[in-house]
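I have placed the structure first, in the form of structure tokens, so that the comments after it can refer back to it.
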Amino acid sequence: MPSVAEVQYAFDTMRNNRVSLYHAAEAELAARELLKAAEYDADLSGKCDGKNAEIRAAQKRQATAAEVLALGKAEAEKRSAQLAYELSAMTVDCIKWQIRVAQLGAE
């Protein structure tokens, strides 16, 4: 059966990973909003003045390249935080099962 310290550590880790996941999700949302704003700005500023839709789309991609890269980074960080949270939740679930099995064995 896991010790009290092991149980506390597992739950603290899960809580910390959940908070990290929240912050990563918020950063991803902020990056999405910045990208939308940059696209809107590119449309209104006249930066995308190509002769056809393909040229204008390419100009918009070029004008918003930094925001697209920032969004990609934020998405990767969110996926990493999600994995860390899920792994810590699995550890907590394992401890719960160990406690249940130990309780059943004691009966």
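Along the sequence shown, residues carry numbers from 1.
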Sidechain-backbone polar pair: Glu6 side chain, Ser3 backbone, donor-acceptor under 3.5 Å: yes
Just one of Asp12, Thr13, Asn17 clears the side chain to side chain donor-acceptor pair (under 3.5 Å) bar with Ser88, so which one? Asn17
Before giving the answer on side chain to side chain contact (heavy atoms under 4.5 Å, CB included), spell out for Arg18 and Arg15 the whole-Å C-alpha distance, their side-chain angles and the decisive distance to 0.1 Å. CA-CA 5 Å; Arg18 182 66 182 104; Arg15 185 192 69 237; 5.6 Å; no
Treating Arg56 as the side-chain partner and Gly50 as the backbone partner, does any N or O pair qualify as donor plus acceptor under 3.5 Å? yes
Does Lys78 reach the side chain of Leu21, with side-chain heavy atoms less than 4.5 Å apart? yes
When every non-hydrogen atom of Glu28 is compared with those of Glu75, the smallest separation belongs to OE2-CG, 3.3 Å
Nearest heavy-atom pair of Phe11 and Lys96: which atoms, and what distance? CZ-CE, 4.2 Å
Let me see the working for Leu71 and Glu67 under side chain to side chain contact (heavy atoms under 4.5 Å, CB included), right down to the final yes or no. CA-CA 6 Å; Leu71 176 58; Glu67 289 82 4; over 6 Å; no
Do the side chains of Val7 and Met1 join up, straight or via other hydrophobic residues, at under 4.5 Å, putting them in one cluster? yes
So with a 6.0 Å cut-off around CD of Gln62, is the heavy-atom count from everything else above 12? no
For residues Lys60 and Ala42, report the shortest heavy-atom separation together with the two atoms involved. CG-CB, 4.5 Å
CG-CD distance between Asp43 and Gln59, expressed to the nearest 0.5 angstrom: 11.0 Å
Could you walk me through whether Leu35 and Thr64 satisfy the side chain to side chain contact (heavy atoms under 4.5 Å, CB included) test, starting with their C-alpha distance in whole Å, then the side-chain angles of each, then the deciding distance to 0.1 Å, before giving a yes or no? CA-CA 7 Å; Leu35 175 58; Thr64 61; 3.9 Å; yes
Going hydrophobic residue to hydrophobic residue with side-chain gaps under 4.5 angstrom, can you get from Ile99 over to Val92? yes
Please check if the side chain of Ser20 supplies one atom and the backbone of Asn16 the other of a donor-acceptor pair under 3.5 Å. yes
Please report the shortest heavy-atom distance between Pro2 and Ile95, naming the atom on each side. CG-CG2, 3.7 Å
Straight-line distance of Gln82 CD to Glu86 CD, nearest 0.5 Å: 4.0 Å
